[in-house]
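Here the structure is laid out as structure tokens; the discussion comes afterwards.
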Protein chains: 2
Amino acid sequence: MKGKIKDPKPQIDLKAFAECGQCTCFNLRKASRIVTQYFDDSMRSIGLRGTQFTLLASAFAYSPITVTHMAEIMVTDRTTLGRNLRPMEKSGFIKVELGDDRRTRIVKLTDAGKEKLQEAYPLWKKAQQDVKMKMGSQNWSSMISKISNLIDQMQGS
Amino acid sequence: MKGKIKDPKPQIDLKAFAECGQCTCFNLRKASRIVTQYFDDSMRSIGLRGTQFTLLASAFAYSPITVTHMAEIMVTDRTTLGRNLRPMEKSGFIKVELGDDRRTRIVKLTDAGKEKLQEAYPLWKKAQQDVKMKMGSQNWSSMISKISNLIDQMQGS
DNA sequence: TCTATTTACGAGTATATGCACCTATTATCT
DNA sequence: AGATAATAGGTGCATATACTCGTAAATAGA
């Protein structure tokens, strides 16, 4: 009984999806997935993920720092960062200690963490260069610059 | 006993982190997070997430389609897509049926799903325009084009 | 046709992500 | 000082993501 008069079928224009294929969220997530996989693959031999490398690198840069402050810098939810640190703590790469302000938890990169970061660095470097190469250096620079701008603008709102 | 001669402390150059701050993976994920939150916020009033809007829009575009084929198009892991479809099935927006080839599962957008998509569309559209506006149309177009190029290059490897 | 291989999928496990709600601690106000 | 507000974190819940391993069905090869 298709095509009945009373049938209130949605009238979605086919053109709508062409538009949705340009969705900023969808495309960023898609790119994130494929690039994350590439970085994960690059570091799998030493048991680190791309996100975990970032965690160690950030801890190296900012340590000692509170969880909330680090989360702000990384543009992550506080609770997400707290949980993401857990595997790194279990591996002994990061310590999370009570701060003087006893509400806070202080993130510190351990010596083992520094060594792991050093071990990972050349693998990260290669992956980073590979991606840059695949895109072309100009395109890559332009993309990164636009993405940074996007992040700034979204935070500014 | 710091500074012992035998101490093989990692010699990480401080410049290394400045480099890591440009990590393609980190920056893409950071942008994904913040943009995803914006799209999620935009659709929270109707109980959809940005990712779920994408799911419905893709199902609308490609339905009927097998899970694996849809995953390929969306550049997602097959098992991820299968699981992500579950909440949409529970909500009645999508049906997953047995295919003629009985190994396959066929994804179909239901009438309720079409209605939901139609309801979500203006909210999506606004979020999309907001982001475009924040970045500036030129910058946005350039970024999307670079990201598409990145995805193509990463898949081509 | 019977076997070996390929294909499509699901379940288990682990991490990544963020919201709502709760607790503990500090800072502020009267 | 005591009451109130603000701040830092944690837990529960739900979704997002992908790898490994296992099963069922279709296909290719002998």
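Throughout, a chain's letter reflects where its sequence line sits, starting with A, and its residues are numbered from 1. What you see is a predicted model, and the numbers here were worked out from it, not measured in a lab.
- Mapping B:Val96 and B:Asp40 onto DNA chain C by nearest heavy atom places B:Val96 closer to the 5' end of the strand.
- Heavy-atom contacts from other residues, nucleotides or ligands closer than 6.0 Å to NZ of B:Lys95 number 12 or fewer.
- The NZ atom of B:Lys90 sits 12 Å away from the C1' atom of D:dC13 (whole-angstrom rounding).
- Taking side-chain N and O atoms only, A:Arg105 has no distance below 4.0 Å to OP1 or OP2 of D:dG9.
- Close to D:dA8, at under 4.0 Å from its OP1 or OP2, lies no side-chain N or O of A:Thr68.
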Item to complete: Show your reasoning for whether salt bridge (charged side-chain N to carboxylate O under 4.0 Å, His left out) applies to A:Lys116 and A:Glu119.
Response: CA-CA 5 Å; A:Lys116 198 68 183 178; A:Glu119 185 187 3; 3.4 Å; yes
Worksheet item: Going through the checks in order, is the side chain to side chain contact (heavy atoms under 4.5 Å, CB included) test met by B:Leu109 and B:Ile94?
Response: CA-CA 5 Å; B:Leu109 188 63; B:Ile94 276 177; 4.1 Å; yes
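- Nucleic acid contact class of B:Arg78 (heavy atoms, under 4.0 Å, all strands): base.
- Under 3.5 Å, the side chain of B:Thr79 and the base of C:dC9 form no donor-acceptor pair of N or O atoms.
- Ranking C:dT15, D:dA18, C:dA24 by closeness to the A:Arg103 side chain, first place goes to C:dA24.
- In this structure, the CG atom of B:Asp41 is 11 Å from the P atom of C:dG18, given to the nearest Å.
- At the phosphate of D:dA8, neither OP1 nor OP2 sits under 4.0 Å from any side-chain N or O atom of A:Thr66.
- At least one side-chain heavy atom of A:Ile151 sits under 4.5 Å from a side-chain heavy atom of A:Gln155.
- Rounded to whole angstrom, the span from the CG atom of A:Leu81 across to the C1' atom of D:dA8 amounts to 13 Å.
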Practice prompt. Quick one: do B:Thr51 and A:Phe26 satisfy side chain to side chain contact (heavy atoms under 4.5 Å, CB included)? Show the steps, please.
Written response: CA-CA 7 Å; B:Thr51 48; A:Phe26 174 47; over 6 Å; no
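- For B:Arg44 against C:dG18, no side-chain N or O and base N or O form a donor-acceptor pair under 3.5 Å.
- Which of C:dG18, C:dT26, C:dA16 sits closest to the side chain of A:Asp101 comes down to C:dT26.
- Ranked by how close their nearest DNA chain C nucleotide is to the 5' end, A:Asp100 and A:Arg49 are led by A:Arg49.
- In this entry the distance linking CZ of A:Phe26 with P of D:dT17 reads 10 Å, nearest Å.
- Distance from the side chain of B:Thr104 is smallest to C:dA8 among D:dA26, C:dA8, C:dG18.
- Put simply, CZ on B:Arg83 is 11 Å from C1' on C:dA14, counting in whole angstrom units.
- The 12-atom threshold is not exceeded at CD of A:Gln138, counting heavy atoms of other residues, nucleotides or ligands nearer than 6.0 Å.
- In this structure, CE of A:Met74 is placed 12 Å from C1' of C:dA16, rounded to the nearest angstrom.
- Phosphate contact (OP1/OP2 of C:dA16, side-chain N/O of A:Thr51, threshold under 4.0 Å): present.
- A close approach under 4.0 Å does occur between a side-chain nitrogen or oxygen of A:Arg86 and OP1 or OP2 of D:dT11.
- Checking the phosphate oxygens (OP1, OP2) of D:dA16, a side-chain nitrogen or oxygen of B:Asn84 falls inside 4.0 Å.
- Residue B:Thr80 is in base contact, counting any heavy-atom pair closer than 4.0 Å across all strands shown.
- Following rounding to the nearest Å, A:Glu89 (CD) and C:dA16 (P) show an atom-to-atom distance of 13 Å.
- Look at B:Gln37 and you won't find any side-chain N or O under 4.0 angstrom from OP1 or OP2 of C:dT17.
- In this structure, of D:dT20, C:dC19, D:dT15, it is C:dC19 that holds the atom nearest to the side chain of A:Asp77.
- As judged by a 4.0 angstrom heavy-atom cut-off over every strand, A:Arg29 is placed among residues touching the sugar-phosphate backbone only.
- With rounding to whole Å, B:Phe39 atom CZ is found 19 Å from C:dC19 atom C1'.
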